[in-house]
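Have a look at the structure below before the remarks.
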Amino acid sequence: MPLVTIDIIKDVFDEAQKQEIISRVTEAMVSIEGEAMRPVTWVRIMEVEQGDWGIGGKMLTAADVHAMAQQPVAA
C-alpha cells in the first residue's frame, strides 16, 4: 500500500487545491504502479503551522509563499 505524504504550510492551499493535489498525486502513482493499486494508494497532506517551516534560515508564512508564487519565473 503506497502512502505519499505531502508537507505544506498551513493556509497556503485552500480545500479545492488540496483535493486537486490528492487527485493528481494519486493519478501519478497509479500510472506507475497500475490501476489495481488505486484503492490502496493513500495521499496524506500534513499542514505545518506558519513559522514552523524555514528555508535558508528564514521562517516562512503563507504570505511569504503567496508572494513567491507571484514572482515571475526566470527564463
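Residues take their numbers from the sequence shown, with the count starting at 1.
Other members of the cluster containing Ile32 do not exist, because no ILVMFWY side chain is joined to it at under 4.5 Å.
Rounding to the nearest 0.5 Å places NZ of Lys58 at 3.5 Å from CG of Asp64. Note that CD1 of Ile45 is 10.0 Å distant from CG of Asp7, once rounded to the nearest 0.5 Å. Here Glu47 contributes atom CD and Ile9 contributes atom CD1; the two are 10.5 Å apart, rounded to the nearest 0.5 Å.
Donor-acceptor pairing under 3.5 Å is recorded for the side chains of Gln19 and Ser23.
The environment of NZ in Lys18 is crowded: more than 12 heavy-atom neighbours from other residues, nucleotides or ligands sit within 6.0 Å.
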Show the atom names and distances, to 0.1 Å, of all donor-acceptor pairs under 3.5 Å that link a side chain in residues 49-57 to residues at least two apart or in another chain.
from, atom 1, to, atom 2, distance (Å)
Gln50, OE1, Ala62, N, 3.1
Gln50, NE2, Asp11, OD2, 3.2

For residues 68-75, which side-chain donor-acceptor pairs fall under 3.5 Å, sequence neighbours excluded?
none

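The closest side-chain heavy-atom distance from Glu20 to Glu15 is not below 4.5 Å. Looking only at side-chain heavy atoms (C-beta outward), Ile21 and Phe13 come within less than 4.5 Å of each other. Using a 4.5 Å cut-off on side-chain heavy atoms (C-beta onward), Met29 and Val4 make contact. Residues Met37 and Val30 form no side-chain contact, since every pair of their non-hydrogen atoms from C-beta on lies 4.5 Å or further apart.
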Show your reasoning for whether side-chain contact (heavy atoms from CB on, under 4.5 Å) applies to Arg44 and Leu3.
CA-CA 7 Å; Arg44 176 175 61 177; Leu3 169 61; 4.1 Å; yes

Stepwise, does the side-chain contact (heavy atoms from CB on, under 4.5 Å) test hold for Ile6 with Met46?
CA-CA 6 Å; Ile6 301 168; Met46 305 295 292; over 6 Å; no

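At a threshold of 4.5 Å between side-chain heavy atoms, the hydrophobic network of Ile, Leu, Val, Met, Phe, Trp and Tyr places Val48 and Val25 in one connected group.
With salt bridges taken as basic N to acidic carboxylate O contacts below 4.0 Å, one links Glu35 and Arg38.
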